[in-house]
Number of protein chains: 2
Amino acid sequence: MVEQADTLRRTPLSRDRILRAAVALANEAGIESLSMRNLAQDLGVVPMALYKHVANKDELLDGMIDVVVGEIDPLVPGADWKHMVRRRILSARQVLRRHPWAPLAIESRNMATPAILAYLDSMVGAFRAGGFSADLAHHVMHAMGSRILGFSQELFDAARRAGRSGTTVPDSPAALPPGVAARFPHLAEIATAASHDDESVVGQGCDDQFEFEFALDLLLDGIERLHQQGWTSSRRPR
Amino acid sequence: MVEQADTLRRTPLSRDRILRAAVALANEAGIESLSMRNLAQDLGVVPMALYKHVANKDELLDGMIDVVVGEIDPLVPGADWKHMVRRRILSARQVLRRHPWAPLAIESRNMATPAILAYLDSMVGAFRAGGFSADLAHHVMHAMGSRILGFSQELFDAARRAGRSGTTVPDSPAALPPGVAARFPHLAEIATAASHDDESVVGQGCDDQFEFEFALDLLLDGIERLHQQGWTSSRRPR
DNA sequence: TCCATGAGGTGTACGCCGTACACCTGAGGG
DNA sequence: CCCTCAGGTGTACGGCGTACACCTCATGGA
């Protein structure tokens with residue numbers, strides 16, 4: 001039995017093993033359960049052992065972020081910047097759906113990791129290759145903001161909540177408590193008007209994917225229009 | 001001297017006084033310095049005294065958020081939904097610039113406060129009054145996302161950083177460390193191409209206000225176009 | 001006038017967190 | 001054969017949110 005325990009934790013610790021365990025823990029139990037102590041316990045090791053492989057918790061988070069960013073599909077070259085960018089952002093979104101804690105983690109760091117910089121750099125590259133001026137590409141990157149990493153940017157977001165408190169529990173359909181609905185009639189109205197293409201299923205929650213693509217296409221279409229007009233910041237509209 | 005101390009803290013505690021002190025502390029020292037202990041010390045009181053007026057730290061944050069939301073200008077009625085919405089969002093942005101900790105605080109709560117719900121409700125009302133279908137208004141609210149509260153949604157944001165670590169220190173101009181610039185040529189290019197209308201000041205950081213309005217107008221223009229086209233989710237483009 | 005009441009401030013204590021620092025241990029090289 | 005040192009351990013510190021028992025003192029009914 002002692003030997004069993006020994007065999008179980010025979011696999012030596014390594015930065016990589018720590019990062020994978022940390023990502024798994026955050027996926028399953030939520031980012032708020034990711035403490036150095038919990039993580040060490042999952043790895044069958046004493047908390048301080050982790051510090052031989054990661055400098056501190058912030059660096060651990062950076063490493064986890066890089067793991068996530070590494071899962072995003074690379075840009076597939078193509079003639080059309082719009083499809084390239086759209087496709088990759090949707091891939092990023094899929095990755096974030098697997099790691100709902102990631103947006104919060106990324107936002108809470110105050111400098112980009114090299115992996116994120118590389119991702120952003122390649123996105124700018126796609127715009128430039130599509131004929132965008134550096135000027136326009138710059139503003140476009142700002143306008144996309146965190147959406148370019150697949151963030152949904154919802155104010156109150158079931159996925160975010162999952163990233164905090166553990167596995168996703170499906171939102172109760174169109175969940176506005178009765179008293180609330182009465183005080184905020186416009187919200188109640190659009191909550192029940194969550195139609196989408198399936199009109200029969202009325203009053204269900206929102207189709208996150210639809211909302212995401214709606215917003216993404218709104219931006220991309222607007223960007224395409226500016227690009228076609230030869231927009232520059234010096235002679236800007238209005 | 002005992003009397004002096006007594007006179008100083010003669011003002012009795014109250015929920016309102018606590019909230020104002022908390023907002024002030026977060027503004028000055030950053031949200032990470034806002035602990036019940038620090039706040040109590042600022043108020044000349046023992047930590048547990050706060051709990052007679054707020055249930056716990058989460059409720060304190062909710063209260064602080066409501067203070068911030070309360071500072072946003074109300075909707076000024078007008079014929080044009082676009083100007084109404086635009087104006088109010090820019091007001092929200094100004095408020096957030098005074099309280100850089102607020103976005104993080106809002107995102108970290110997992111349900112909207114009544115004040116935020118009221119704000120969102122009135123925004124929906126503006127769209128509806130402008131002739132939007134409930135359907136379109138719904139998707140538009142999702143597409144605006146946190147931008148509707150004035151969030152800039154930058155991935156790595158000087159204001160965010162300030163909200164974390166205290167008072168804003170102006171960003172060093174176009175701050176890309178030399179090694180980084182070499183590895184990410186496209187980022188380097190658009191960083192130096194931060195032109196704006198003042199071409200003489202080259203390589204300065206970004207004009208946050210410009211970037212925010214650029215993104216906001218991109219969205220609003222796209223929304224206006226959909227509205228004019230009588231967009232509905234049942235017969236959606238593509 | 002007196003005393004019960006209860007709102008509101010206090011003190012202590014618990015379990016969590018990140019992590020500094022001294023220590024031990026065992027495999028690999030001279 | 002022993003030295004070294006990478007890597008795992010144990011203890012401890014200061015910070016956090018907050019449960020819980022306590023004290024204090026203004027207030028209002030008898």
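Letters A, B, ... mirror the listed sequences (proteins, then strands); counts begin at 1.
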Applying ring pair (Phe, Tyr, Trp, His ring centres under 6.0 Å), name anything that partners B:Tyr119, two or more places apart in sequence or on another chain. none
Answer yes if the ring centres of A:Phe127 and B:His186 are under 6.0 angstrom apart, and no otherwise. no
Give the rounded distance in Å between these two atoms: CG of B:Leu61 and C1' of D:dC16. 14 Å
Without decimals, in angstroms, what is the distance between A:Met48 CE and C:dC21 C1'? 8 Å
Atom CD of B:Glu59 and atom P of D:dG17 are separated, to the nearest Å, by 15 Å
Nearest-Å distance for atom pair CZ/C1', residues B:Arg15 and C:dA7: 17 Å
Heavy-atom count around B:Arg109 CZ within 6.0 Å, excluding the residue itself: above 12? yes
Whole Å only: how far is the NZ atom of A:Lys57 from the C1' atom of C:dC16? 11 Å
Give the rounded distance in Å between these two atoms: CG of B:Leu34 and C1' of D:dG15. 14 Å
Nearest whole Å is fine: how far is D:dG15 P from B:Glu32 CD? 15 Å
Contacts of A:Leu50 and A:Arg37 projected onto DNA chain D by closest heavy atom; the upstream (5') one is A:Leu50
Taking for each residue the nucleotide of DNA chain C with the nearest heavy atom, is it A:Tyr51 or B:Lys52 whose nucleotide lies nearer the 5' end? B:Lys52
Would you indicate which nucleotide in D:dC16, D:dT18, D:dT9 comes nearest to any side-chain atom of B:Pro47? D:dT18
Using modelled atom types and a 3.5 Å cut-off, is there a donor and acceptor pairing between side-chain atoms of B:Gln153 and backbone atoms of A:Arg147? no
What is the distance, rounded to the nearest whole Å, between atom CE of A:Met36 and atom C1' of C:dC17? 11 Å
Ignoring backbone atoms, test whether B:His53 places a side-chain nitrogen or oxygen under 4.0 Å from the OP1 or OP2 oxygen of C:dG9. yes
